[in-house]
Amino acid sequence: MADDREKDSHEGRSVDFVRGQVRADVAADKNGGRVVTRFPPEPNGFLHIGHAKAICLNFDLADEEDGRCNLRFDDTNPAAEEDVFVQAIKQDISWLGYDWGDEEFYASGYFEKLYEWAEDLIRKGCAYVCDLSGDLVREYRAEGKNSPQRDRSVEDNLELFRNMRAGEYSEGKRTLRAKIDMASPNMTLRDPVMYRINHTPHHRTGTQWCIYPTYDWAHGQSDAIEGVTHSLCSLEFENHRPLYEWCLEKLEVNPRPRQIEFARLNLTYTVLSKRKLRRLVEEKHVEDWDDPRMPTLRGLRRRGYTPSAIRTLCQRVGVAKFNSTIDIVQLENALREELNKSAPRRMAVLDPLEVVIENYPDDREEFVDAVNNPEDQSAGRRKVPFSKVLWIERGDFREEAPRKYFRLKPGKEVRLRYGYYVTCTGFEKNAGGEVTRVICTYDPETRGGDSADGRKVRGTIHWVSARHAFEAEVRLIDHLFRTTRPEDVPEGADFLQNLNPDSLTSVSGCKLEPGLAEAFPGELFQFERHGYFCVDSKSLKGSPVFLRTVALRDSWAKLEKKLAGEESKSCGA
RNA sequence: UACCCCGUGGUGUAAUCGGCAACACAACUGGUUUUGGUCCAGUCAUUCCAGGUUCAAGUCCUGGCGGGGUAACCA
C-alpha cells in the first residue's frame, strides 16, 4: 500500500497544490528539507469522513517526504472537550491505517509555555488585558473602536493577567487581547482575544488553569513547538493566516511553520457539520454516532466500509481550494471495486418465493459446487445444498413479464446458479392474487448449471434450498437524506425535512445459504446479485444481522424503468 | 456591507517556462459473461463573460459576473 501511494505521488503526472508547495520548500531546503505535518482534532466529537481527508493528506504527505505526522489534540476549550473523544479519535485514526508513533501531543501540554509567551507579548506592549464584555468586544471590533483598556501600562497588564491566571475573576470578566490593528480590514487582526477565563475543569489539566488560550494563540505556537513545517488546515482559516504569522513573528520563533489552506470534503446526500450530526443523534433520527447510516468513521466501519476504500476516495478527490461536493457514488464505487476482488460470494434470498421442482425426488438432497469468488481463484469453492423445494427471489418471477426480462416466467427456462436449468410449468396464487408458489421441472443433464447441448439460457438466478436455509434479518441501508444537498433548504426550513424515511429497511425472514450461520461480526460477503453485506457488530451472538454495505450496480433496474417509460409513452399516444 | 479565497465536461481533479485540454467517476452505445455484477471497446469540453499582451492564453494583465469563507471570550 505504501508503495502504491509513493508511486502515485512521485511518478504520477500530477501533484496537488499542497504537495507542490511542500516539495518546492523541500527543494529549496527550507527547514533543512524536513517535513513535519500534524492532524489537530479537537476532542469534542467523533471523526467523520471529512476528517479522513485531512488525516490522509497529512499522514500520506509526511510519509512521501520521509517526514512525520503528529497527532495533536487541540484541547484549548475545557467546556467542550472530553477524554472519551480522545480515545475514540485515536481508535478511528488507527483503524484508518495511520500510525503517529510516539508523536501524540496536546495543546494543553503547552499551556505553561503559551502563558510565558503571552507575558512576553505583554512586556513588548503587544498585548493587553481588556475589561470589555463579550458583546462589547464584538461591537467594538465591528466598529473598529479601541478598547478603553488598550493603552494600559505593561505593569498593570502583567498584574491583571496574573490575577486572571490566579482565578480572581469570574468567567467573561476580562480577556487578554493581542494589540494589533483595530482598523484592519481583516477582522481577525482587530485585537483578537488570546486568553479567556473558564472555570470548567479541563479533561487533562483539571483545575490547574482557569484561563485558556484561544485557537489563534495556541495553534501556530503549538506547531512551532513541535517543529511542524507545514500546517494544513481548511479554507475558513485563510483569514487567520496573517494572525498566525503575526504571533510567530512577534515571538521571534524560528524556523516558522507555514499554514496552507485547502477545501474540506463535502459529499452528496450527506451532512458533515458537527452540529448537524449531533442533532441527528440527540433527536434520535439515528441510533447513535455509530449508526451505519452515519458518515462518521465508526458509522462507516460498522456498516462494512473498509479503511482502504475510504483512503482511495480521499486520494481520488484530490486537494484543491475549490469548494466542491463529491458524488457519494465515488465512495460507493471505491468500496465496490475493492470488495469485488475480496468479498466471498454467497446466495441469499431477501424476498422469498417458494419454488417446487416437480420432477425432483421428494427426499433427495445433494450438494452442488459453487465458486467463492470468480475474481479470486484462491478463494476456493464450497458446497451448497440443493433439494426439491427452494426459495428464489420474488422479483425473479413474473406471471407476465416485460420484454427483455430474462428471469423466470411461465414456459421459460432459467439457470439456477451452480444448480440446474429449470423451466416454469405453473404457479399458484392466493385469494389476494399474490403468487405463492412456482412450479418447475428441472433438466438432470444440466447439473452445475451447464448443458452439454450448448442450449442458451439468458437468465441466471440465485436460490436457497428451503430445507437447509438459514433464516436471518437483513437491513437495507440507503442514503440518510433524500436530496443531494440536504443542507440546501429554504429560508427558515430545517435540513431534517430532507431526511430519507426509507434510509433503513429491516427485512426479517430472509433465507440464506446455511454456511452464513457461522459468519462473524464485521465479516463481509457479496450476496450474489444484491450487493455487499456485513454482519452487524452489534448483532447478538448466534443470530447475525446483515447490513447492506453497498448495493451492486443494477442496470436491469435502469432498463426496466426506461422500458416502463416507453410503455407509458406509447400508451398515452 | 467590508475583507479574503475560488470559477476547466454531468461530478471532481490535472495540464513544466505561455505550446495538441488529460485522468477518474457518472451518463450513453456496443461486446464478453453461470451474478442484468465484473471486465473490454467507443462516445461525451470552442477552460464563467468581455477586453488586452503574444506567433501562441485554461495559464499573464484589466474590468465584469458567479460561488464560497470570515466578521466567536468555538476550532
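Chain identifiers are assigned alphabetically (A, B, ...) following the order of the sequence lines, protein sequences preceding nucleic acid strands; residue numbering begins at 1 within each chain.
- Ranking B:C3, B:U13, B:U35 by closeness to the A:Glu528 side chain, first place goes to B:U35.
- Residue-level contact check: A:Leu559 touches the bases, meaning some heavy atom is under 4.0 Å from a base atom.
- Both A:Val457 and A:Glu337 lie near RNA chain B, and the one whose nearest nucleotide falls closer to the 5' end is A:Glu337.
- Stems are defined here as 3 or more consecutive Watson-Crick or G-U wobble pairs with pairing distances under 3.5 Å; those involving RNA chain B are B:1-7 with B:65-71, B:10-13 with B:22-25, B:27-31 with B:39-43, B:48-52 with B:60-64.
- Put simply, A:Phe406 rests on the base of B:G36: the two rings are less than 5.5 Å apart at their centres and nearly parallel, under 30°.
- Taking atom C1' on both B:U11 and B:U1, the two are 34 Å apart, rounded to the nearest angstrom.
- In this structure, the CG atom of A:Asp16 is 14 Å from the C1' atom of B:A15, given to the nearest Å.
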Considering only nitrogen or oxygen atoms on both sides, find all protein atoms under 3.5 Å from nucleotides 73-75 of chain B and state each distance.
from: B:C73; atom 1: N3; to: A:Gly172; atom 2: O; distance (Å): 3.4
from: B:C73; atom 1: N4; to: A:Leu132; atom 2: O; distance (Å): 2.9
from: B:C73; atom 1: N4; to: A:Gly134; atom 2: N; distance (Å): 2.9
from: B:C73; atom 1: N4; to: A:Gly172; atom 2: O; distance (Å): 2.7
from: B:C74; atom 1: OP2; to: A:Arg196; atom 2: NE; distance (Å): 2.4
from: B:C74; atom 1: OP2; to: A:Arg196; atom 2: NH2; distance (Å): 2.4
from: B:C74; atom 1: O3'; to: A:Arg196; atom 2: NH2; distance (Å): 3.1
from: B:C74; atom 1: O2'; to: A:Asn77; atom 2: ND2; distance (Å): 3.3
from: B:A75; atom 1: OP1; to: A:Thr76; atom 2: OG1; distance (Å): 2.6
from: B:A75; atom 1: OP1; to: A:Arg196; atom 2: NH1; distance (Å): 3.4
from: B:A75; atom 1: OP1; to: A:Arg196; atom 2: NH2; distance (Å): 2.8
from: B:A75; atom 1: OP2; to: A:Tyr215; atom 2: N; distance (Å): 2.9
from: B:A75; atom 1: O3'; to: A:Asp74; atom 2: OD2; distance (Å): 3.1
from: B:A75; atom 1: N6; to: A:His240; atom 2: NE2; distance (Å): 3.3

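- Comparing the same atom, C1', in B:G68 and in B:C25 gives a spacing of 24 Å after rounding to whole Å.
- Taking the C1' atom of each, B:A27 and B:G18 are spaced 34 Å apart, rounded to whole Å.
- Under the 4.0 Å criterion applied to side-chain N and carboxylate O atoms, A:Arg258 and A:Asp25 are assigned as salt-bridge partners.
- In this model, the phosphate group of B:U11 is not approached by any side-chain N or O of A:Ser324 to a distance below 4.0 Å at OP1 or OP2.
- Among the nucleotides B:U35, B:G37, B:A71, the one closest to any side-chain atom of A:Ser555 is B:G37.
- Residue-level contact check: A:Glu261 touches neither bases nor backbone, having no heavy atom under 4.0 Å from any strand.
- For B:U46 and B:A21, the C1' atoms lie 11 Å apart once the distance is rounded to whole Å.
- Taking atom C1' in both B:U59 and B:C6, one finds a spacing of 16 Å when rounded to whole Å.
- The distance from atom CG of A:Leu235 to atom C1' of B:C5 is 6 Å, rounded to the nearest whole Å.
- A straight line from CZ of A:Arg264 to C1' of B:C5 spans 15 Å, rounded to a whole angstrom.
- Checked by atom type, the side-chain pair A:His462/A:Arg417 shows no donor-acceptor distance below 3.5 Å.
- Across all strands shown, A:Tyr405 has heavy atoms under 4.0 Å from base atoms, whether or not it also approaches the sugar-phosphate.
- Here the P atom of nucleotide B:A72 and the CZ atom of A:Arg177 are 11 Å apart, to the nearest Å.
- For B:A26, one of the phosphate oxygens OP1 or OP2 lies less than 4.0 angstrom from a side-chain nitrogen or oxygen of A:Asn333.
- The side-chain contact (heavy atoms from CB on, under 4.5 Å) test with A:Leu176 is passed by exactly one of A:Ile122, A:Leu121, A:Val193, A:Ile211: A:Ile122.
- Residues forming a side-chain contact (heavy atoms from CB on, under 4.5 Å) with A:Lys409 (at least two apart in sequence, or on another chain): A:Ala401, A:Lys412.
- Under the side-chain contact (heavy atoms from CB on, under 4.5 Å) criterion, A:Val329 pairs with A:Asp327, A:Glu332, not counting sequence neighbours.
- Ring orientation note: the planes of A:Tyr212 and A:His202 are close to parallel, at an angle under 30° on the 30°/60° scale.
- One atom, CD of A:Gln330, and another, C1' of B:A24, lie 7 Å apart when rounded to the nearest Å.
- Residues passing the side chain to side chain donor-acceptor pair (under 3.5 Å) test with A:Arg382 are A:Asn372, A:Glu513, sequence neighbours excluded.
- B:G58 and B:C49 are spaced 14 Å apart, taking the C1' atom of each and rounding to whole Å.
- Going from the P atom of B:A14 to that of B:U33 covers 41 Å, rounded to whole Å.
- Atom CZ of A:Arg23 and atom C1' of B:U16 are 14 Å apart (whole Å).
- Taking the ring axis of A:Tyr169 as reference, the NZ or CZ atom of A:Arg174 stays within 45° of it and closer than 6.0 Å to the ring centre.
- Nucleic acid contact class of A:Val319 (heavy atoms, under 4.0 Å, all strands): sugar-phosphate only.
- The closest side-chain donor-acceptor pair between A:Asp191 and A:Tyr128 falls under 3.5 angstrom.
- Listed pair A:Arg316 / B:G12 fails the phosphate criterion, with no side-chain N or O lying under 4.0 Å from OP1 or OP2.
- Between A:His48 and the options A:Asp92, A:Leu277, A:Val271, A:Leu265, a side-chain contact (heavy atoms from CB on, under 4.5 Å) holds for only A:Leu277.
- Within the 4.0 angstrom heavy-atom criterion, no nucleotide atom of any strand lies near A:Tyr212.
- Both tests hold for A:Arg204 against A:Tyr106: distance to the six-membered ring centre under 6.0 Å, angle to the ring axis within 45°.
- Between the side chain of A:Glu238 and the base of B:U70 there is no donor-acceptor pair of N/O atoms closer than 3.5 Å.
- Residue contacts shown for A:Ala142 are absent, as no nucleic acid heavy atom lies under 4.0 Å away.
- Residue-to-nucleotide contacts include a donor-acceptor pair under 3.5 Å from the side chain of A:Arg407 to the base of B:G36.
- Taking the P atoms as reference points, B:C5 lies 14 Å from B:C60, given to the whole Å.
- At least one cation-pi condition fails for A:Arg336 and A:Tyr532: the charged atom is not both under 6.0 angstrom from the six-membered ring centre and inside a 45 degree cone around its axis.
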Under-3.5 Å N/O pairs linking protein and nucleotides 27-31 of chain B:
from: B:A27; atom 1: OP1; to: A:Lys558; atom 2: NZ; distance (Å): 2.7
from: B:U29; atom 1: OP1; to: A:Lys562; atom 2: NZ; distance (Å): 2.8

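- We find that CZ of A:Phe527 is positioned 19 Å from P of B:U35, with the value rounded to whole Å.
- In summary, the aromatic rings of A:Phe386 and A:Trp463 are positioned with their centroids under 6.0 Å apart.
- Taking the six-membered ring for Trp and thresholds of 30 and 60 degrees, A:His219 and A:Tyr244 have ring planes inclined between 30 and 60 degrees apart.
- Going from atom CE of A:Met347 over to atom C1' of B:G37 covers 15 Å, rounded to whole Å.
- When atom types are taken as modelled, the side chain of A:Thr325 and the backbone of A:Leu267 share no donor-acceptor pair closer than 3.5 angstrom.
- Distances shorter than 4.0 Å separate none of the side-chain N or O atoms of A:Ser184 from OP1 or OP2 on B:C3.
- Both A:Asp327 and A:Asp450 lie near RNA chain B, and the one whose nearest nucleotide falls closer to the 5' end is A:Asp327.
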